Amino acid sequence: MSRIPDQNLSILMAERHLGKLSMPDLAVRALELSYDSKSLRMLAATLASEPSSVIDDLYRRSVNELGWAEIRSDEYLIEYAKFVARGILADRIDAISGSKDLHRILYETDHDPLLHAWFDIDEMIFSQDYEKKTGEKGYFYRPTDEIITFIKEACYDLLERPPEKTCGST
């Protein structure tokens with residue numbers, strides 16, 4: 001069972017993990033979501049000119065004060081993957097850029113079985129980019145509409161398939 005209090009926290013933590021959100025920006029957004037601690041407020045007020053050691057320390061203290069240190073990265077990354085998948089299906093997130101995020105999460109979660117379709121999707125996107133640059137079509141080349149169809153099918157699978165049990169899960 002997930003120890004993540006809500007989806008918004010999953011999004012914040014995943015975007016921070018993936019480098020899409022700075023630590024002070026995470027703090028501001030967390031405060032907007034009614035999370036609060038002394039260190040979180042201090043982190044939100046830091047300037048870009050602050051030494052990274054100060055920012056890192058405030059972030060670490062915030063995470064500990066709020067109890068977020070107990071949340072495993074694979075938990076919030078898989079929740080974020082599902083958020084991205086729902087966004088792709090609802091056309092709120094571009095299918096190609098969202099798939100690149102999902103492929104990165106695949107590696108960050110040590111190849112979680114829920115995301116295996118993104119191995120092929122990444123190859124299709126790469127082959128399409130390669131064809132645009134060289135005019136040569138690789139083995140995985142597909143037109144954009146076929147790639148998007150494949151992406152959306154994989155998103156449905158991700159959202160509907162239960163997680164597989166691993167040796168350490170209960």
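Remember, predicted model here, so these are calculated numbers, not experimental data.
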- Message: Taking salt bridge (charged side-chain N to carboxylate O under 4.0 Å, His left out) as the definition, give me every residue that meets it alongside Arg142, ordered by chain and number, with sequence neighbours left out.
- Response: none
- Query: side chain to side chain contact (heavy atoms under 4.5 Å, CB included) with Ser127: which residues, sequence neighbours excluded?
  - Reply: Phe140, Tyr141
- Between atom OH of Tyr59 and atom CE of Met23, what is the distance when rounded to the nearest 0.5 Å? 6.5 Å
- Note on the structure: Residue set satisfying side chain to side chain contact (heavy atoms under 4.5 Å, CB included) with Thr134, at least two apart, ordered chain then number -> Tyr130, Glu136
- Those residues at least two apart in sequence (or on a different chain) that pass side-chain hydrogen bond (donor to acceptor under 3.5 Å, both in side chains) with Thr144 are Gln128
Quiz: residues 36-47 side-chain donor-acceptor pairs under 3.5 angstrom, not counting sequence neighbours:
residue, atom, partner, partner atom, Å
Asp36, OD1, Arg41, NE, 2.7
Ser37, OG, Leu40, N, 3.0
Ser37, OG, Glu65, OE1, 2.8
Ser39, OG, Arg61, NE, 3.3
Ser39, OG, Glu65, OE1, 3.4
Ser39, OG, Glu65, OE2, 2.7
Thr46, OG1, Leu43, O, 2.7

- Task: Could you name each residue pair satisfying salt bridge (Lys or Arg N to Asp or Glu O under 4.0 Å) that touches residues 96-109, not counting sequence neighbours?
- Result: Lys20-Asp101, Arg104-Glu108
- Message: Looking at Phe119, I want to see if its CZ is surrounded by more than 12 non-hydrogen atoms of other residues, nucleotides or ligands under 6.0 Å.
- Response: yes
- Validation row: Ile11, Gln7 side chains within 4.5 angstrom (heavy atoms): yes
- side-chain hydrogen bond (donor to acceptor under 3.5 Å, both in side chains) involving Glu123 - partner list, sequence neighbours excluded: none
- Once you round to the nearest 0.5 Å, how far does CG of Leu18 lie from CZ of Arg16? 10.0 Å
- Query: For Lys137, what residues pass the side-chain hydrogen bond (donor to acceptor under 3.5 Å, both in side chains) criterion, not counting sequence neighbours?
  - Reply: none
- Query: Out of curiosity, Leu102 CG to Ser97 OG, how far, rounded to the nearest 0.5 Å?
  - Reply: 9.5 Å
- Message: Within the structure provided, determine whether Asp74 and Asp110 are in side-chain contact (heavy-atom separation under 4.5 Å).
- Response: no
- Scan for salt bridge (Lys or Arg N to Asp or Glu O under 4.0 Å) pairs involving residues 84-99, sequence neighbours excluded, and state none if there are none. Asp91-Lys152
- Note on the structure: Here the gap from Leu89 atom CG to Glu153 atom CD, rounded to the nearest 0.5 Å, amounts to 10.5 Å
- Kindly indicate whether the side chain of His17, heavy atoms from C-beta on, has any atom under 4.5 Å from the side chain of Tyr80. no
- Task: Please tell me if the side chains of Leu33 and Leu9 come closer than 4.5 Å, counting only heavy atoms from C-beta onward.
- Result: no
- Item | pair Ile148-Ile88: side-chain heavy atoms closer than 4.5 Å | no
- How would you list, by chain and number, every residue that makes a side chain to side chain contact (heavy atoms under 4.5 Å, CB included) with Ala85, sequence neighbours excluded? Cys155, Leu158, Leu159
- For Tyr35 and Asp6, does a side-chain donor sit closer than 3.5 Å to a side-chain acceptor? yes
- Note on the structure: Residues at least two apart in sequence or cross-chain that pass side-chain hydrogen bond (donor to acceptor under 3.5 Å, both in side chains) with Ser22, listed by chain then number, are Asp25
